[in-house]
Amino acid sequence: MMQPLSVKDLQPVSSEFLEQKDTVRLARELVGHYLVHWIEGKAVGGKIVETEAYQAPHDPACHAHLNRRTKRTEIMFAKGGHAYIYLCYGIHHLFNIVSGPESYAHAVLIRALEPIWGRDFMDENRKIKSTHNLTNGPGKLTQALGIDRTLNESYLLAQNSPLQLFQPPAPLSADELMVSKRIGIDYAGDAKEWPWRFYEKQSLYVSKRLFGDKSFLRHEAN
DNA sequence: ATAATGATTCGCT
DNA sequence: GCGAATCATTATG
């Protein structure tokens, strides 16, 4: 059977990949990639299984809607590969990968992860029993990985970045992927219907599935 | 299994 | 002040 996947065997992503202008496509393609937070030389992270695209200027759900520049949104205008991490509901740190060329305020929210490396560290951070609840949500995964706003604005492609992104050994095929509307943006009018959320169909580590997969729900209850 | 609610801080009007 | 790209807990059927 397969050896456990080692970070050493993975290729970092390219700057071209993260600077592509089509951020919806990037969000789709990032599913299956690997995110690592290096903590005292140890890898903590896993496979990205759920993402959402946010794209100024025409996306009302994007913090930089209409290209509004504030202290908070400024980093979204940087070139792809920077981290945009902000505090949500006063409690949760949400991790985004800034994307597109410089001056394009685009980002991909990382919503769920399949835990692979540093499980002990994650368990300790999360203090929760079920492994299915470790990283299946944008606030949960940052807590598990120890990601907070001290890492805001860091550049993931820098030589010794504490946060790194790696390519999948093989790309995910189209039939392994699901598309849905984005979550938690009811205030965004029309845009709340846009199909800009992507997740791995059979993953047990997705935050919220579409209607109708009863067999999964039974599985999840364990 | 679904619904309601409190937590808690920051950005912005 | 208001509301937020969320989550855990509690209550109820």
Side-chain angles (χ1 to χ4, degrees), chain A residues 23-24 26-28 30-31 35 48-77 82-100 104-113 115 122-153 178-199 205-222:
Chain A
T23 293
V24 176
L26 176 64
R28 183 169 56 232
L30 275 170
V31 176
L35 173 67
I48 294 170
V49 296
E50 179 180 346
T51 62
E52 281 175 359
Y54 289 87
Q55 262 188 327
H58 302 301
D59 173 9
C62 180
H63 292 160
H65 182 41
L66 304 178
N67 282 341
R68 236 156 55 95
R69 285 177 185 265
T70 67
K71 180 110 194 212
R72 184 172 67 151
T73 64
E74 191 61 35
I75 189 60
M76 294 183 82
F77 292 85
H82 289 83
Y84 170 43
I85 302 165
Y86 71 96
L87 195 58
C88 183
Y89 292 94
I91 295 176
H92 306 287
H93 301 270
L94 267 54
F95 170 67
N96 299 252
I97 300 168
V98 172
S99 52
Y104 285 66
H106 296 184
V108 175
L109 171 65
I110 306 304
R111 287 194 54 89
L113 211 69
M122 297 192 212
D123 285 334
E124 195 156 316
N125 283 339
R126 293 277 296 132
K127 304 186 196 316
I128 203 149
K129 289 162 194 153
S130 161
T131 82
H132 290 112
N133 279 329
L134 214 47
T135 51
N136 60 339
K140 298 180 191 179
L141 76 90
T142 55
Q143 186 185 20
L145 269 61
I147 295 174
D148 62 25
R149 289 182 319 159
T150 61
L151 296 167
N152 189 31
E153 305 190 356
M178 292 290 275
V179 184
S180 84
K181 31 183 176 180
R182 294 173 292 177
I183 292 179
I185 54 163
D186 287 347
Y187 59 87
D190 207 35
K192 72 167 184 281
E193 306 297 329
W194 299 352
W196 286 9
R197 170 174 175 253
F198 304 93
Y199 64 88
Y205 304 95
V206 163
S207 69
K208 189 166 176 270
R209 336 198 94 238
L210 285 180
F211 256 130
D213 195 344
K214 301 291 194 205
S215 65
F216 176 81
L217 292 177
R218 237 178 292 123
H219 199 0
E220 195 179 40
N222 293 334

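Lettering of chains follows the sequences in order, A, B, ..., and the numbering in each one begins at 1.
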[X] has an atom [atom1]; how far is it from atom [atom2] of [N], in whole Å?
| X | N | atom1 | atom2 | result |
| --- | --- | --- | --- | --- |
| A:E50 | C:dT6 | CD | C1' | 13 Å |
| A:N125 | C:dC7 | CG | P | 15 Å |
| A:R149 | C:dA4 | CZ | C1' | 14 Å |
| A:Y86 | C:dG3 | OH | C1' | 13 Å |
| A:E74 | B:dC10 | CD | P | 20 Å |
| A:Y187 | C:dT6 | OH | C1' | 12 Å |
| A:Q143 | C:dA5 | CD | P | 19 Å |
| A:W196 | C:dA5 | CH2 | P | 15 Å |

Check each of A:R68, A:K192, A:R182 against A:D59 using the salt bridge (charged side-chain N to carboxylate O under 4.0 Å, His left out) test, and report the only one that passes.
A:R182

State, with a plain yes or no, whether a side-chain heavy atom of A:I97 is found less than 4.5 Å away from one of A:L35.
no

Mind checking whether A:V49 and A:Y199 have side chains closer than 4.5 Å, heavy atoms only?
no

Both distances under 3.5 Å, Watson-Crick or G-U wobble: report the partner of B:dG11, or none.
C:dC2

Nearest heavy atom decides the nucleotide; on that basis, is A:T73 or A:I91 closer to the 5' end of DNA chain B?
A:I91

Euclidean distance, A:T73 OG1 relative to A:H63 NE2, rounded to 0.5 Å
9.5 Å

Using a 4.0 Å heavy-atom cut-off, does [X] contact any base of the nucleic acid, only the sugar-phosphate backbone, or nothing at all?
| X | value |
| --- | --- |
| A:L87 | sugar-phosphate |
| A:G90 | base |
| A:R111 | sugar-phosphate |
| A:I185 | sugar-phosphate |

Any side-chain N or O of [X] less than 4.0 Å from the OP1 or OP2 oxygen of [N]?
| X | N | value |
| --- | --- | --- |
| A:Y89 | B:dC10 | no |
| A:T70 | B:dG11 | no |
| A:R68 | B:dT13 | yes |
| A:R126 | C:dC7 | no |
| A:K140 | C:dA8 | yes |
| A:H92 | C:dA5 | no |

Between the side chain of A:N125 and the main-chain N/O of A:A144, is any donor-acceptor distance below 3.5 Å?
yes

Examine distances only and state if a side-chain atom of A:H65 and a backbone atom of A:P57 form a donor-acceptor pair shorter than 3.5 Å.
yes

From the options B:dG11, C:dA8, C:dA5, select the nucleotide whose nearest atom is closest to the side chain of A:R72.
B:dG11

